[in-house]
Amino acid sequence: MYTFLHDLLSDKKGGAVFNCFGIWHILYIFAALSVIAVVMIALRKRGREALRKAAEVFINIAFGLYMLDFFLMPFAYQEIDIEKLPFHVCTAMCVMCFLSRHTKFLSRFRVQFALLGFVSNLIYLIYPAGVMWYQVHPLSYRVIQTLSFHGIMTAYGVFTIASEENCLRIKNCWKDLLTLCAMAAWAMLGNYMYNGAAGNYDHFFNWFFVVRDPFWIIDAKIAPFVMPFIVIAAFFAVEMLVYAVYYAIKAIARKKKLPGDTQNMGSHQQQI
């Protein structure tokens, strides 16, 4: 059984190789965007409750894939990769998004977790450098699992934001900032705990990029002191960009709805 699963899941070498922005990468992105579009179109007339259920289904799938990976990694890589612990923003938000739908306290931050999960997973889906480094076949388990997970998490973010009416309110952006600060603190804890784990001092973890500049612009000696603030500011700026797009879409939708709806127009004038 072990031999069968190892042969099935281990990295495939030879033939095509997965590269960022190569044809296989584009196909994976297209597949993820197609699923999002199909679900949105199919549920557009069923209301927000249908989208909420879709979001629940997708986060359950993403969480299931994440948990299953820990059981399959020994067959695929002959070890459990510490890198996959939930200290990266993508994996951490998977756990938090799942818990936010089952825990009353965390449900207050459900939208913030979904937004940060959407931003981080979309970034990785666009530039999956961690997969590219291994130079494996595009249909290897490593590639399929990683890109499927990030694609599903991206979809979950879209469905959550679309299903929650007026969920992105600028007055609540402090929650986004608080979520980012908590994520940075959590990542720093993971980095300082696990760097050098099992005597592997050659592998330097840099979860959430808070202890080392991934572009090597900032000196390594001062990076741990400034990177947490830079990362928080960068992600917060991207989230504010999502806010801007969200408000723009809402404004366009309102303009299209107002001319043929005198009742809505009257209420709109009262609000102004």
Side-chain angles (χ1 to χ4, degrees), residues 32 35-36 39 48-73 80-125 130 145-169 172-194 205 207-210 228 231-232 235-236 238-239 242-243 246:
V35 169
I36 294 172
V39 173
R48 298 183 185 276
E49 186 58 32
L51 276 176
R52 289 192 190 98
K53 291 181 178 178
E56 290 179 2
V57 169
F58 272 70
I59 192 57
N60 289 339
I61 293 174
F63 187 74
L65 283 176
Y66 180 57
M67 290 294 103
L68 181 63
D69 192 36
F70 283 97
F71 292 91
L72 295 182
M73 277 190 282
I80 294 179
D81 188 1
I82 298 177
E83 188 83 37
K84 288 292 187 78
L85 290 174
F87 293 104
H88 268 310
V89 61
C90 297
T91 51
M93 286 306 105
C94 173
V95 176
M96 299 311 292
C97 286
F98 179 81
L99 292 178
S100 70
R101 291 190 170 271
H102 299 86
T103 306
K104 185 176 181 180
F105 173 76
L106 292 178
S107 66
R108 303 173 187 177
F109 293 87
R110 180 166 57 201
V111 172
Q112 285 69 40
F113 293 145
L115 176 58
L116 182 54
F118 165 74
V119 169
S120 58
N121 282 277
L122 179 61
I123 291 173
Y124 191 92
L125 190 64
Q145 192 279 337
T146 304
L147 292 186
S148 296
F149 170 83
H150 288 84
I152 292 169
M153 282 298 299
T154 301
Y156 168 77
V158 172
F159 301 150
T160 299
I161 294 171
S163 64
E164 303 282 346
E165 188 173 5
N166 298 322
C167 63
L168 298 184
R169 297 183 179 181
N172 291 331
C173 69
W174 65 269
K175 288 186 176 182
D176 296 289
L177 188 58
L178 179 61
T179 301
L180 283 167
C181 291
M183 180 64 234
W186 176 246
M188 283 190 288
L189 176 65
N191 285 314
Y192 291 120
M193 283 177 58
Y194 284 95
F205 297 107
W207 285 303
F208 203 35
F209 311 115
V210 292
V231 170
I232 290 171
F235 271 87
F236 188 68
V238 174
E239 290 188 344
V242 175
Y243 268 76
Y246 177 82

Test your reading of the model: is there a side-chain donor-acceptor pair from [X] to the backbone of [Y], 3.5 Å cut-off?
X      : Y      : answer
Asn121 : Gly117 : yes
Tyr246 : Ala162 : no
Ser163 : Thr160 : yes

query = Do Lys175's NZ or CZ and the ring of Phe109 fall within the cation-pi criteria of under 6.0 Å and 45°?
reply = yes
task = Take the angle between the ring planes of Phe58 and Phe159 and call it parallel below 30°, perpendicular above 60°, tilted in between.
result = perpendicular
request  = Quick one: sort the Phe149 and Tyr66 rings into parallel, tilted or perpendicular, breaks at 30° and 60°.
outcome  = tilted
query = salt bridge (charged side-chain N to carboxylate O under 4.0 Å, His left out): which pairs involve residues 98-123, sequence neighbours left out?
reply = Glu56-Arg101, Arg110-Glu164
ask   = Could you walk me through whether Leu116 and Asp176 pass the side-chain contact (heavy atoms from CB on, under 4.5 Å) check?
value = CA-CA 8 Å; Leu116 182 54; Asp176 296 289; over 6 Å; no
request  = Would you check, one step at a time, whether the test side-chain contact (heavy atoms from CB on, under 4.5 Å) holds for Val95 with Thr91?
outcome  = CA-CA 7 Å; Val95 176; Thr91 51; 6.0 Å; no
ask   = Picking from Phe87, Trp186, Trp207, what satisfies side chain to side chain contact (heavy atoms under 4.5 Å, CB included) with Asn191?
value = Trp207
Roughly how far, to the nearest 0.5 Å, is [atom2] of [Y] from [atom1] of [X]?
X      : Y      : atom1 : atom2 : answer
Phe113 : Met93  : CZ    : CE    : 6.0 Å
Met183 : Gln112 : CE    : CD    : 15.5 Å
Phe105 : Ser100 : CZ    : OG    : 12.0 Å
Asn60  : Leu65  : CG    : CG    : 11.0 Å
Ile59  : Cys97  : CD1   : SG    : 5.0 Å
Ser148 : Met153 : OG    : CE    : 13.5 Å

Please tell me if the side chains of [X] and [Y] come closer than 4.5 Å, counting only heavy atoms from C-beta onward.
X      : Y      : value
Thr154 : Tyr124 : no
Phe236 : Cys173 : yes
Ile232 : Leu177 : yes
Leu168 : Val111 : yes

message = For a side-chain contact (heavy atoms from CB on, under 4.5 Å) check, start with the C-alpha distance between Leu125 and Leu147, then their side-chain angles and the critical distance, and finish with the verdict.
response = CA-CA 6 Å; Leu125 190 64; Leu147 292 186; 4.2 Å; yes
request  = May I ask you to check whether Tyr156 and Phe118 place their ring centers less than 6.0 Å from one another?
outcome  = no
ask   = Are Phe63 and Phe98 an aromatic pair by the rule of ring centers under 6.0 Å?
value = yes
inquiry  = Using side-chain contact (heavy atoms from CB on, under 4.5 Å), reason through Leu85 and Phe70 one step at a time and then give a plain yes or no.
reply    = CA-CA 9 Å; Leu85 290 174; Phe70 283 97; 4.2 Å; yes
task = Might you point out which heavy atoms bring Ala92 and Pro86 nearest each other, and give the distance in Å?
result = CB-O, 3.5 Å
Ala32 versus Gly151, closest heavy-atom pair with distance = CB-CA, 4.2 Å
inquiry  = Does Lys53 have more than 12 heavy atoms from other residues, nucleotides or ligands lying within 6.0 Å of its NZ?
reply    = no
